[in-house]
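The next block holds one structure in the form of structure tokens; read it before the comments.
Letters A, B, ... are given to chains in the order of the sequence lines, protein chains preceding strands, and every chain is numbered from 1.
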Amino acid sequence: MDFILKQQANNSEARAGLLKTDHGNIETPIFMPVGTAGSVKGIHVRDLKEDIKAQIILGNTYHLYLRPGIEIIEQAGGLHKFNGWDGPILTDSGGYQVFSLGDIRKLSEEGAKFQSHIDGSRHLFTPENVIDIQRKIGADIIMAFDECPPGDAEFDYAKKSLELTQRWLDRCVEQMEKTSPLYGHQQSLFPIVQGASFPELRETAAKHIIEIPSDGYAIGGLSVGEPEKVMYAMIDVVCPILPKNKPRYLMGVGTPVNILEAIDRGIDMFDCVMPTRNGRNGMLFTSEGTMNMRNRKWADDFSPIDSNGTSFVDHHYSKAFLRHLIVSDEMLGAQIASQHNLAFYLWLVKEARTQIINGTFKDWKGEMVVKLAQRL
RNA sequence: GGGGAGAUACCAAAGUGGCCAACUGGGGCGGACUGUAACUCCGCUGACUUUCGUCUUCGUAGGUUCGAAUCCUGCUCUCCCCA
């Protein structure tokens, strides 16, 4: 997996790059739609590719392991064959579930004991078996198994947590070396910087992971409850330490504004459930600001969903019709909203890339951040 | 014609002397959502008021009572059964 840095923006840390994988190239900065259970909720693979223009999607180790089970995915010949997406796939390791399922798991040196949220059955994730699972899923990018502490974690806890994450990372690397891809394409491990909201921990973490030769580096444990300012500050601490010639992935972020701010600070890759989840819940992101489609004011607005939008749905359906679908709880409403939001997110990062290459990113970003924060 | 049941807020439906401006659900109106336990969750929903609070409400007109959505009487309307 190669990364080519195409262009560094003027008076900004923003970069335009090209990440080459065995399943195709990824132009960065990029947004990666989240497909936890192997499916980007409500979206056909064809629309992901042709309409939304996604270049890489996510899957989740924890969810796929519980259902359908890794044996099934192996039998299918890997997740690409199973879900019909032939582009690159990144899998999260389940580290985030250590955070989000906090009530039903226990951490130890060995790993994390989980109870399934589906049936309560007990399972153990270790750095080793999480690598094995991701090998079997066939992810192009495999995430290290980490602990993601909450944004308000105390220093002592955050420090211990980070040290555990670092030891787990070393075990992930070892397991990667001991194992090989099963389906003939290359798989790369991305280490993850933790350290909660403490600059000194973030710095330590970043310096630790760059000792490990990797095709990319991730920043985790942000947008988990801490103020946005803190998130940006942590990015500012970490990015300068990370190697320039490798992609940087900010995990789980975020709002359109978050993404532009992070690109400005040197981040290349993003993922977030926001476009799909908020879409299902009736919220649209556009280049002019956000819209809550449940609001009465759209009831008789027969103009296109987004006249600036790049998706088929933006021009084919009206705001009033979409509102009707969402208010009526019609599943097509959730699909249209998700498709629009994802297309918008992909447009946003592509436009950012263009602006970086043209040398106009900083000004453009300044204007966009104001517009994006508006409520329509 | 005879017998029975019932009328509560936008709808449905609890409440049958004071804890009732009135349970609950729906609908309506807002809000939240960041490596997805989420097509989910949270508010508000008689009027005026920032809050405290005040005022007007339970078909309608009277009455009993310190006090009535709740008890009594008349009236109006609706539904069901039998002819």
Worksheet item: Would you call A:D2 and A:K20 a salt bridge, taking side-chain N to carboxylate O under 4.0 Å as the test?
Response: no

Discussion item. Please report the distance separating the P of B:C77 from the corresponding atom of B:C72, rounded so that it comes out in whole Å.
Written reply: 22 Å

Discussion item. Near RNA chain B, counting only heavy atoms under 4.0 Å, which residues of residues 252-284 of chain A show up?
Written reply: A:G252, A:V253, A:G254, A:T255, A:N258, A:D271, A:C272, A:V273, A:M274, A:T276, A:R277, A:N278, A:R280, A:N281, A:M283

Worksheet item: Got a sec? Which of residues 79-100 of chain A come in under 4.0 Å of RNA chain B, heavy atoms?
Response: A:D92, A:Y96, A:Q97, A:S100

Fill in: Any donor-acceptor N/O pair, A:T28 side chain to A:G17 backbone, under 3.5 Å
yes

Discussion item. Below 4.0 angstrom, which residues in residues 364-376 of chain A have at least one non-hydrogen atom near RNA chain B?
Written reply: A:R375

Item to complete: For B:A13, give its Watson-Crick or G-U wobble partner with both distances under 3.5 Å, or none.
Response: none

Worksheet item: For RNA chain B, what residues of residues 142-157 of chain A have any heavy atom nearer than 4.0 Å?
Response: A:D146, A:C148

Discussion item. Give me the distance, rounded to whole Å, that separates B:U49 from B:G35 when you measure between the P atoms they each carry.
Written reply: 42 Å

Discussion item. Please list, in numerical order, the residues of residues 212-230 of chain A that have a heavy atom closer than 4.0 Å to any atom of RNA chain B.
Written reply: A:G221, A:S223, A:E228

Discussion item. Considering every strand and a 4.0 Å limit on heavy-atom distances, what is the contact class for A:L58: base, sugar-phosphate, or nothing?
Written reply: sugar-phosphate

Worksheet item: Taking atom C1' in both B:G25 and B:U8, what distance in whole Å separates the two?
Response: 16 Å

Worksheet entry | Along RNA chain B, first and last positions that approach a heavy atom of chain A under 4.0 Å | B:G28 to B:U40

Worksheet item: Does A:N60 offer a backbone N or O that forms a donor-acceptor pair with the side chain of A:D92 under 3.5 Å?
Response: no

Worksheet entry | Result of checking A:Q186, A:H23, A:Q187 against A:D140 for side chain to side chain donor-acceptor pair (under 3.5 Å) | A:H23

Worksheet entry | cation_pi(A:R122, A:F114) dist<6.0 Å, angle<=45 | no

